[in-house]
**Q** 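A single structure is presented below for examination.
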Amino acid sequence: MTINIYNSLNRSKEPFETLEPGRVKMYVCGPTVYDSCHIGHARSVIVFDVIYRYLTAVGYDVTYVRNFTDIDDKIINRSNELGVSPESLAEKYIDEFHHDMDALNVLRPTLEPRATDHIDHIIRIIEILMDKKYAYASDGDVFFSVDLFKGYGKLSGRKLDDMVAGARVDVDQRKKNPFDFVLWKASKPNEPFWDSPWGKGRPGWHIECSAMSEDYLGASFDIHGGGKDLIFPHHENEIAQSEAAFGKTFVRFWIHNGFVNINHEKMSKSLGNFLMIKDIVKEYHPEAIRLFLLSHHYRSPVDFTDQAIKNVASGLDKIYALLDRAEKYLGSLPDVNSNYHKDVIASQKDFWVLFCDAMNDDFNTAQGIGVLFDAVRSLNRLLDQLDQSDQTNETDQTNQSDDIQNRQIIHNECLNILKMGDILGLLTVSPGAYFQQKKESVITKKSFDAEMIEAMIQERQDARKAKDFKKADEVRDRLKEMNIEIEDRPEGTIWKVLS
RNA sequence: GGCGGCAUAGCCAAGUGGUAAGGCAACGGCCUGCAAAGCCGCUAUUCUCCAGUUCGAAUCUGGAUGCCGCCUCCA
């Protein structure tokens with residue numbers, strides 16, 4: 001089995017090979033903790049969450065590091081505005097980040113280091129760069145000299161000569177080249193600072209990632225990820241610093257996710273259209289948000305609209321409804337938490353293998369979700385057939401052995417579906433809990449009374465028994481207006497909330 | 001100005017040389033008192049347009065048009 005990954009460094013898909021057999025070392029740029037997380041953060045975090053889950057599931061021992069940038073101009077500015085310390089501001093948003101991501105079923109990485117815990121390490125790397133003459137100091141600031149690093153521009157495809165210096169920003173006159181960037185920044189009065197050989201100051205933005213990745217993963221590691229916007233200058237500068245300091249290839253595979261638009265527009269401060277995670281999880285099921293984000297390839301842009309996510313939510317209902325059917329047939333659903341990576345190599349092309357084929361092709365979750373729905377349809381079809389034969393056949397010996405066989409098939413197919421869900425971070429609750437949760441949310445939101453709904457359903461049942469179908473249909477129409485749909489099942493009438 | 005990306009049905013979206021997955025929506029059928037759910041069928045002779053390479057192109061090349069991102073310590 002080979003996983004092909006699109007490597008931003010070479011702009012092509014390449015077979016994934018690790019530095020150490022069976023081990024993956026992965027670093028993903030985490031948030032600067034000065035504000036609440038929005039849907040764009042969610043996408044990045046979820047994309048790499050799925051990559052982490054998949055690599056682990058197929059048997060890799062993955063060390064996944066995702067940092068917090070907890071010292072930075074934006075944090076300082078914000079804390080000044082609010083009159084709180086930068087530390088407490090960072091702490092607050094780290095808590096909120098965890099809270100949001102937990103709500104979205106995101107697994108915690110192996111390590112979540114913070115920049116401020118690595119100041120000594122940062123200073124050491126800057127000293128190495130000073131010794132090697134890649135860096136120069138000026139008035140307490142330290143800059144990296146891009147002209148001296150031969151590979152500068154190799155990730156972003158930029159050539160220093162082609163770039164218009166200072167096209168959009170004033171050039172700092174102390175820089176030897178306008179694209180030189182800050183490694184260490186002298187602190188102004190009333191700003192947080194650490195002592196350094198160049199005076200009191202704080203790290204530049206890019207150097208922290210070089211320090212933390214080296215600390216936990218070494219000077220050379222397998223995967224580095226982040227949003228597309230980080231390619232230049234952040235990741236370009238990380239490469240320059242790390243490779244200049246340590247003399248080794250920094251990262252083998254660079255993975256960058258695309259952006260989220262809101263109603264065809266970029267999220268921006270001026271438009272005021274930032275969609276915060278804490279707000280959308282109130283409106284939509286967290287798994288609907290995941291399914292929505294993962295139904296697009298991770299490198300493509302995603303356009304978030306109410307209609308789009310509602311459509312996806314209908315699809316999620318469909319999967320849970322199937323699981324509900326299967327659970328009733330089997331008595332209980334298979335346990336997906338059992339160790340399953342060993343059976344990845346299947347003798348035939350079952351849905352799990354097809355799903356893995358999709359994932360192996362640059363983590364193509366959109367295609368994988370297609371396979372998931374194929375599996376759902378296939379299992380529904382089988383259950384339909386069994387329902388029909390139940391009605392026509394009497395029990396005899398052959399039926400009993402068929403029954404055992406059918407249960408086995410349904411169990412396996414169901415397990416495949418749950419395994420796919422496990423990789424995508426979906427289908428993590430029981431079908432009963434899922435539909436119950438939807439009911440409760442509509443009851444709370446619209447202040448409906450569950451007992452009232454039950455009473456209406458009973459009213460309709462009574463009317464049906466009396467063959468008063470006109471009245472029965474009226475009751476059903478009234479429920480429909482309340483966004484509630486009923487289903488007459490063999491075991492009784494149930495109701496559910498429309499997405 | 002430099003660099004990069006995208007354009008596939010009513011909508012969303014896979015597919016990167018071998019004859020168009022999947023979801024949502026619509027319509028027809030089975031089922032049902034009628035519905036709903038589920039299943040079956042139907043829905044792009046065709047992938048923005050033009051030219052080229054090829055036995056063969058949504059996929060490769062050149063050009064046109066449209067949209068978007070980065071070059072601002074924005075995921």
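Chain naming here is simple, since letters A, B, ... match the order of the sequence lines and numbering starts at 1 in each. Bear in mind the structure is a predicted one, so any value in this text is a computation, not a measurement.
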**Q** Using a 4.0 Å heavy-atom cut-off, does A:Ala308 contact any base of the nucleic acid, only the sugar-phosphate backbone, or nothing at all?
**A** nothing

**Q** Do the non-hydrogen side-chain atoms of A:Met482 and A:Met456 ever get within less than 4.5 Å of each other?
**A** yes

**Q** Do A:Lys200 and A:Trp194 form a cation-pi contact, if we require the NZ or CZ to be under 6.0 Å from the six-membered ring centre and within 45 degrees of the ring's axis?
**A** no

**Q** What's A:Phe259 touching, base or sugar-phosphate or nothing? Going by heavy atoms closer than 4.0 Å.
**A** base

**Q** Between P on B:C73 and CG on A:Asp180, what's the gap in Å once rounded to a whole number?
**A** 14 Å

**Q** Which is true for A:His297 with a 4.0 Å heavy-atom rule: it touches a base, it touches only sugar-phosphate, or it touches nothing?
**A** sugar-phosphate

**Q** Could you tell me the separation between the CG atom of A:Leu155 and the C1' atom of B:C70, rounded to a whole number of Å?
**A** 12 Å

**Q** Would you kindly give the CG-to-P distance between A:Leu386 and B:C39, to the nearest whole Å?
**A** 14 Å

**Q** NA contact type, A:Ser300, heavy-atom cut-off 4.0 Å: base, sugar-phosphate, or nothing?
**A** sugar-phosphate

**Q** Is A:Asp324 salt-bridged to A:Arg489, cutoff N-O under 4.0 Å?
**A** yes

**Q** Looking across every strand, which nucleic acid part, if any, lies under 4.0 Å from A:Arg460 by heavy atom: base, sugar-phosphate, or nothing?
**A** base

**Q** Taking CZ from A:Arg11 and P from B:G69, how many angstroms apart are they, rounded to a whole number?
**A** 20 Å

**Q** If you look at every strand shown and take non-hydrogen atoms under 4.0 Å, does A:Leu230 touch a base, only sugar-phosphate, or nothing?
**A** sugar-phosphate

**Q** Contact class for A:Asn380 vs. all strands (heavy atom < 4.0 Å): base, sugar-phosphate, or nothing?
**A** sugar-phosphate

**Q** In terms of the angle between their ring planes, are A:Tyr52 and A:Tyr64 parallel, tilted or perpendicular, with boundaries placed at 30° and 60°?
**A** tilted

**Q** Under 4.0 Å: is that the gap between some side-chain N or O of A:Arg377 and OP1 or OP2 of B:G22?
**A** yes

**Q** Checking all strands, does A:Val260 fall into the base, sugar-phosphate, or nothing category for heavy-atom contacts under 4.0 angstrom?
**A** base

**Q** Roughly how many Å is it from CD in A:Glu265 to P in B:C68, rounded to a whole number?
**A** 10 Å

**Q** What's A:Asp374 touching, base or sugar-phosphate or nothing? Going by heavy atoms closer than 4.0 Å.
**A** sugar-phosphate

**Q** Could you check whether the side chain of A:Asn261 and the base of B:C67 have a donor-acceptor pair of N or O atoms closer than 3.5 Å, going by distance alone?
**A** no

**Q** Taking the side chain of A:Gln367 as its heavy atoms from C-beta onward, which of B:C73, B:G33, B:A14 lies nearest to it?
**A** B:A14

**Q** Assign A:Arg43 to base, sugar-phosphate, or nothing according to its heavy-atom contacts below 4.0 angstrom with the strands shown.
**A** nothing

**Q** Distance check needed: B:A75 P versus A:His235 NE2, whole Å only.
**A** 11 Å

**Q** Are any of A:Lys318's side-chain N or O atoms less than 4.0 Å away from OP1 or OP2 of B:C24?
**A** yes

**Q** Rounded to the nearest Å, what distance is computed from the OH atom of residue A:Tyr298 to the P atom of nucleotide B:G5?
**A** 14 Å

**Q** With rounding to the closest Å, how many angstrom separate the P atoms on B:A14 and B:G29?
**A** 34 Å

**Q** Any N or O donor-acceptor pair linking the side chain of A:Arg464 to the base of B:G33 at under 3.5 Å?
**A** yes

**Q** Specify whether A:His118 and A:His121 have parallel, tilted or perpendicular ring planes, treating 30° as the upper limit for parallel and 60° as the lower limit for perpendicular.
**A** tilted

**Q** Distance between the C1' atoms of B:C55 and B:C60, in whole angstroms?
**A** 16 Å

**Q** Hey, does A:Gly40 reach any base, or is it just sugar-phosphate, or nothing, if we go heavy atoms under 4.0 Å?
**A** base

**Q** Quantified in whole Å, what is the C1' atom distance between nucleotide B:A75 and nucleotide B:A57?
**A** 36 Å

**Q** When the C1' atoms of B:A37 and B:U19 are compared, how many Å lie between them, rounded to an integer?
**A** 36 Å

**Q** Has the side chain of A:Arg476 got a donor or acceptor atom sitting under 3.5 Å from an opposite partner on the base of B:C34?
**A** yes

**Q** Among B:C12, B:A75, B:C73, which nucleotide sits nearest the side chain of A:His296?
**A** B:C12

**Q** NA contact type, A:Asn364, heavy-atom cut-off 4.0 Å: base, sugar-phosphate, or nothing?
**A** sugar-phosphate

**Q** Which nucleotide sits closest to the side chain of A:Glu487: B:A36, B:G22, B:G33?
**A** B:A36

**Q** I want to verify a distance call: between B:C12, B:C73, B:A21, whose nearest atom is closest to the A:Lys185 side chain?
**A** B:C73

**Q** Roughly how far apart, to the nearest Å, are B:C11 and B:G5 at atom C1'?
**A** 23 Å

**Q** Establish, for the pair A:Arg66 and A:Tyr27, whether the NZ or CZ atom is under 6.0 angstrom from the six-membered ring centre and no further than 45 degrees off its axis.
**A** no

**Q** Under 4.0 Å between any heavy atoms, over every strand shown, what does A:Asp303 touch: base, sugar-phosphate, or nothing? Just pick one.
**A** nothing

**Q** Would you say B:A37 has OP1 or OP2 under 4.0 Å from some side-chain N or O of A:Arg325?
**A** no

**Q** Does the ring centre of A:Phe179 sit less than 6.0 Å away from the ring centre of A:Tyr152?
**A** no

**Q** So, under a plain 3.5 Å distance rule, would you say the side chain of A:Asp387 forms a donor-acceptor pair with the base of B:G38?
**A** no

**Q** Within the structure shown, what part of the strands sits under 4.0 Å from A:Glu485 by heavy-atom distance: base, sugar-phosphate, or nothing?
**A** sugar-phosphate

**Q** A cation-pi test, strictly: NZ or CZ of A:Arg158 under 6.0 Å from the centre of the six-membered ring of A:Phe232 and no more than 45 degrees from its axis. Yes or no?
**A** yes

**Q** Can you figure out which of B:A75, B:C70, B:A14 approaches the side chain of A:Arg158 most closely?
**A** B:C70

**Q** With rounding to the closest Å, how many angstrom separate the C1' atoms on B:C49 and B:C67?
**A** 15 Å

**Q** Between P on B:A21 and CE on A:Met359, what's the gap in Å once rounded to a whole number?
**A** 22 Å

